[in-house]
Amino acid sequence: MSQSVNSIRGINDILPPESAAWQWLEAAARGVLQSYGYAEIRLPIMERTELFARSIGEVTDIVEKEMYTFDDRNGDSLSLRPEATASCVRAGITHGLFHNQQQRLWYAGPMFRYERPQKGRYRQFHQMGAEAFGFAGPDIDAELIFVSARIWKQLGLKGLELELNSLGSSESRGRYRELLVTFFNDRYQDLDEDSRRRLLQNPLRILDSKNPEMANLVAEAPVITEHLDDESAEHFAALRAMLDASGVEYKLNPRLVRGLDYYNRTVFEWVTDRLGAQSAVCSGGRYDGLVEQLGGRPTPAIGWALGIERLVELIRGDSLVPAPAGPHAYIVPLGEAAEKRAPALAESLRDQLPELRLHMHCGGGGMRSRMKRADRSGALCALIIGDDELASSTVVLKPLRGQRDQEIVALEELQSRLAGLCNDGGASKLKTY
RNA sequence: GUGGGCGUAGCUCAGCUGGUAGAGCCCCGGAUUGUGGAUCCGGUCGUCGUGGGUUCGAAUCCCAUCGUCCACCCCA
């Protein structure tokens, strides 16, 4: 016997019934995005490594040690995408989408990061994201937050909290960074090991420290929102006013800094306390400098990405996913003659009733086991066809839910009987797409 | 990359200090030659994650490795 091949750590199969939760989530999010005028952009799963290094930041963990990087056969260094914003910007530059134009785009798909898997964190994970280009004002910031909030509403998901911050312009952020480095350098002996490392790599992240012993020190540190440039402060105030006016609740968190280098001004994160250590289910922010940094014309931009696995876990935990609709009917042929004729009958019913969800019994077995399968399929009724029915051009229609008796239905009446089931029997909550 | 828990039937798990495996669920068949859901009866399923080692003998002890879960780190 040959050895079975292992799956790869942190890279998972999505099986039914979980796949139904994915479909439901994706359909809901897609519907909301499209209703706000966002159009789908389909992006490649890999890019030149350089793209990620230049956008995410050379010294971030993502670029330094988490990317799946390999040489193409011609020697180019390629990487599986660890996130999609960089690809989206690159695609926009490649195709001239940003020349005096505004774009509202969304995407969905797998991302790859070589990390140790844990709850809510996988090496292949899936995001849906929205990006808006060419809008400088806070109105689009608010819109993107509204879009995300409406997705939660559509899903029936409650209890997510919105955390909000502003990092200022890249200049004011830079000045603040200096202040912070000075502050922590003066207290170097009080920093824990992680924070000392962050001081060199990304000092703002010290503010995010989970170590309780750092809490007092962090509390004394300069607060970024007190060091914003005037324009960013105005932008931030206007955004907050729009959120206030629309009733979207948020919590200001001056320590929310985000890990990627390209963010400026508005950053936000939807968080939950129900996913263990991974609290963020959707996060994003403004990245006004990135398009130019990657070789395009200066273009203001903002976006967010949501983690599908994390949201699926929440909506499944809350039983928010509607049960997939079962078949309207399950055909049970009995005997050789019926087994030959039933598939053709099934196909003509499907022609006549495109909405019909019809399961054909396959795989033999006795009457008892066929009926058992019919029942377990969740079908509303069984259509039994044996020699007697063939001889009289009828089928036995047996309701499987409820107490009604089975009846004999002439073949020519079958279509209209099943049409009735399609209309009221089992309207699917799942959108077809 | 660091630390800890766990890998026994398709699933959930039992198997005491070493004597080569068991339950429930599922599935299949029957009680009911053409009628599901309840009940009863019977049945299939394991190289005990993998590879080494110790031993007369390993699911059990040791080492390695892979996978999984949780936390750190990082982040969606």
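Throughout, protein chains are lettered first and strands after them, A, B, ... in sequence-line order, and every chain is numbered starting at 1.
Residue G276(A) is classed as a sugar-phosphate contact, given heavy-atom separations below 4.0 Å to backbone atoms only. Residue T60(A) is classed as having no contact, given no heavy-atom separation below 4.0 Å to the nucleic acid. At the heavy-atom level, A280(A) lies under 4.0 Å from the strands shown only through sugar-phosphate atoms. Nucleic acid contact for E269(A): none, since no nucleic acid atom lies under 4.0 Å from a heavy atom of the residue. Heavy atoms of K398(A) sit under 4.0 angstrom from at least one base atom. Within the nucleic acid shown, G10(A) comes within 4.0 Å of sugar-phosphate atoms alone, with no base atom in reach, counting heavy atoms only. Contact annotation for L311(A): no contact, since no heavy-atom pair falls under 4.0 Å across all strands. Using a 4.0 Å heavy-atom cutoff across all strands shown, Y330(A) reaches no nucleic acid atom at all.
Applying the 3.5 Å distance criterion, the base of rG30(B) shares a donor-acceptor pair with the side chain of R368(A). Between the side chain of R121(A) and the base of rC74(B), at least one donor-acceptor pair of N or O atoms lies under 3.5 Å.
Within residues 192-199 of chain A, the residues having any heavy atom under 4.0 Å from RNA chain B are, by residue number, D194(A), R197(A), R198(A).
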Polar atom pairs between nucleotides 3-8 of chain B and protein, under 3.5 Å, N or O only, would you list them?
unit_1: rG3(B); atom_1: O6; unit_2: R116(A); atom_2: NH2; d: 3.0

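Distance from the side chain of L334(A) is smallest for rG34(B) among the nucleotides rA76(B), rC74(B), rG34(B). With rC27(B), rU68(B), rC75(B) as the choices, the nucleotide that has an atom nearest any side-chain atom of R376(A) turns out to be rC27(B).
Judged by the 6.0 Å and 45° rule, R187(A) forms a cation-pi pair with F183(A). The cationic atom of R123(A) (NZ for Lys, CZ for Arg) does not lie both less than 6.0 Å from the six-membered ring centre of F112(A) and within 45° of the ring axis.
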| remark: Pairs under 3.5 Å (Watson-Crick or G-U), crossing ones as [ ], inter-strand ones as |: RNA chain B comes out as (((((((..((((.....[..)))).(((((.......))))).....(((((..]....))))))))))))....
